[in-house]
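I have placed the structure first, in the form of structure tokens, so that the comments after it can refer back to it.
Values in this document were obtained by computation on a predicted structure and should not be read as measured data. Quick note on labels: first sequence line is chain A, next is B, and so on, each numbered from 1. What you see below is based on every heavy atom in this structure, not just the backbone, and it leaves out hydrogens, waters and symmetry mates.
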Number of protein chains: 2
Amino acid sequence: MNKTEHKVYQGKRKSKKRQLVYETLAKKELPVTAEEIFMEIALKDDKISLSTVYRALEAFMADGIVQKTMIGESSNGLFEVRANEHKHYLMCVECKKMLAIKDCPLQDYENQLEKTTKFKIKSHQLQVYGVCEKCQKN
Amino acid sequence: MNKTEHKVYQGKRKSKKRQLVYETLAKKELPVTAEEIFMEIALKDDKISLSTVYRALEAFMADGIVQKTMIGESSNGLFEVRANEHKHYLMCVECKKMLAIKDCPLQDYENQLEKTTKFKIKSHQLQVYGVCEKCQKN
DNA sequence: GTGAATGCAAAGAGTTTGCAAGGTT
DNA sequence: AACCTTGCAAACTCTTTGCATTCAC
């Protein structure tokens, strides 16, 4: 499954609004806020309300096809389609730009944690913070 | 520096309330909400207001001695004293109990990331989710 | 037709802020 | 005295909810 092919949302009802939310989100390289999805749909063509976006995201999360992440210290949630290939994010603490990292070093660590903690490990989230090349020069 | 010895807060003014906030936080093994700090101080002996707690935490964060973390999908922030030895947290997705993990596997990974991304890496946060031994039996 | 999805406005949680009063140096 | 910190209430942001209407099956 490459970047431009996304599975179609199969909820209880295939409403146009939910599909729009899903498609808007699926195109993103980086996690986005509910507000950003809302703005993008509202400005482009269709009318939609912010609560519809939240409700759609909630439904997708219940189905396990969308995931919410909290990055940085901000209180607003970021959403992303749960890709086959999981990603982490590197954020510049100065300009706040994010970079997706596809390489994940935690498989062995999870196996080891299962042994030492008796937990059945389900998932993890990793955020890395630093200063990007551009900001280092300023 | 062992668990019971904590450096004293050195802010602009050594007010009693801020020291109380710091001491309350420093005793914790796991990150806590502003509300929990507030309740603990208010119930024990001293009167304090929630905004004072937030303002104290803000000051400590500016000084780099306290750090805010977002764990799970909840919207409220958790605070912890920035320890010499950094920790990660394993959270049970069912009972929400947290477990501190002191073993961090990310040093090599950070070095490698500095080379591939040209970022100067400053810090990272890792949250691991799973099902604890007790909840697996239920 | 039945139940799910939507829009709107209102409510809710968590956090921040303005201002007058009190505390620290 | 100068300036920082506090408490209170109000404001703010993000998210959720109630309800009447609309839409999908």
(message) Is there a side-chain contact between Ser49(B) and the phosphate of dG7(D), meaning an N or O under 4.0 Å from OP1 or OP2?
(response) yes

(request) Quick one: sort the His88(A) and His124(A) rings into parallel, tilted or perpendicular, breaks at 30° and 60°. (result) tilted

(request) Let me know which of Gln125(A), Glu80(A), Gln127(A) forms a side-chain hydrogen bond (donor to acceptor under 3.5 Å, both in side chains) with Tyr89(A). (result) Glu80(A)

(request) Round to a whole Å and report the spacing from NZ of Lys47(B) to P of dG7(D). (result) 11 Å

(request) To the nearest Å, give me how far apart CG (Leu57(B)) and C1' (dT5(D)) are. (result) 14 Å

(request) Round to the nearest Å and state the distance from Lys16(A) atom NZ to dC25(D) atom P. (result) 10 Å

Could you list the donor-acceptor pairs under 3.5 angstrom formed by side chains in residues 30-43 of chain B, with sequence neighbours left out?
unit_1: Thr33(B); atom_1: OG1; unit_2: Glu36(B); atom_2: N; d: 3.1
unit_1: Thr33(B); atom_1: OG1; unit_2: Glu36(B); atom_2: OE1; d: 3.1
unit_1: Glu36(B); atom_1: OE1; unit_2: Thr33(B); atom_2: N; d: 3.0
unit_1: Glu40(B); atom_1: OE1; unit_2: Lys28(B); atom_2: NZ; d: 2.7

(request) Heavy atoms under 4.0 Å is the rule here; annotate nucleotides 11-22 of chain C 5' to 3' with B where the base is hit, S where only the sugar-phosphate is, and - elsewhere. (result) ---SBBBB----

(request) Quickly work out the Gln19(A) CD to dA24(D) C1' distance and round it to whole Å. (result) 12 Å

(request) Could you walk me through whether Leu106(A) and Leu126(B) pass the side-chain contact (heavy atoms from CB on, under 4.5 Å) test, one step at a time? (result) CA-CA 10 Å; Leu106(A) 295 165; Leu126(B) 169 66; 3.6 Å; yes

(message) Treating Lys17(A) as the side-chain partner and Lys47(A) as the backbone partner, does any N or O pair qualify as donor plus acceptor under 3.5 Å?
(response) yes

(request) List the steps and the verdict of side chain to side chain donor-acceptor pair (under 3.5 Å) for Asp103(A) and Gln112(B). (result) CA-CA 11 Å; Asp103(A) 173 35; Gln112(B) 185 191 320; 3.2 Å; yes

(request) Starting from C1' on dT5(D), measure out to CZ on Arg18(B) and report it in whole angstrom. (result) 6 Å

(request) Would you indicate, yes or no, if dC4(D) has its OP1 or OP2 atom less than 4.0 angstrom from a side-chain nitrogen or oxygen of Ser15(B)? (result) no

(message) Please report the distance, rounded to the nearest Å, between NZ in Lys14(A) and C1' in dG3(C).
(response) 17 Å

(request) Could you check how far CG of Asp46(A) sits from P of dA5(C), rounded to whole Å? (result) 18 Å

(request) Whole angstrom is fine here: how far is it from NZ in Lys17(B) over to C1' in dT24(C)? (result) 14 Å

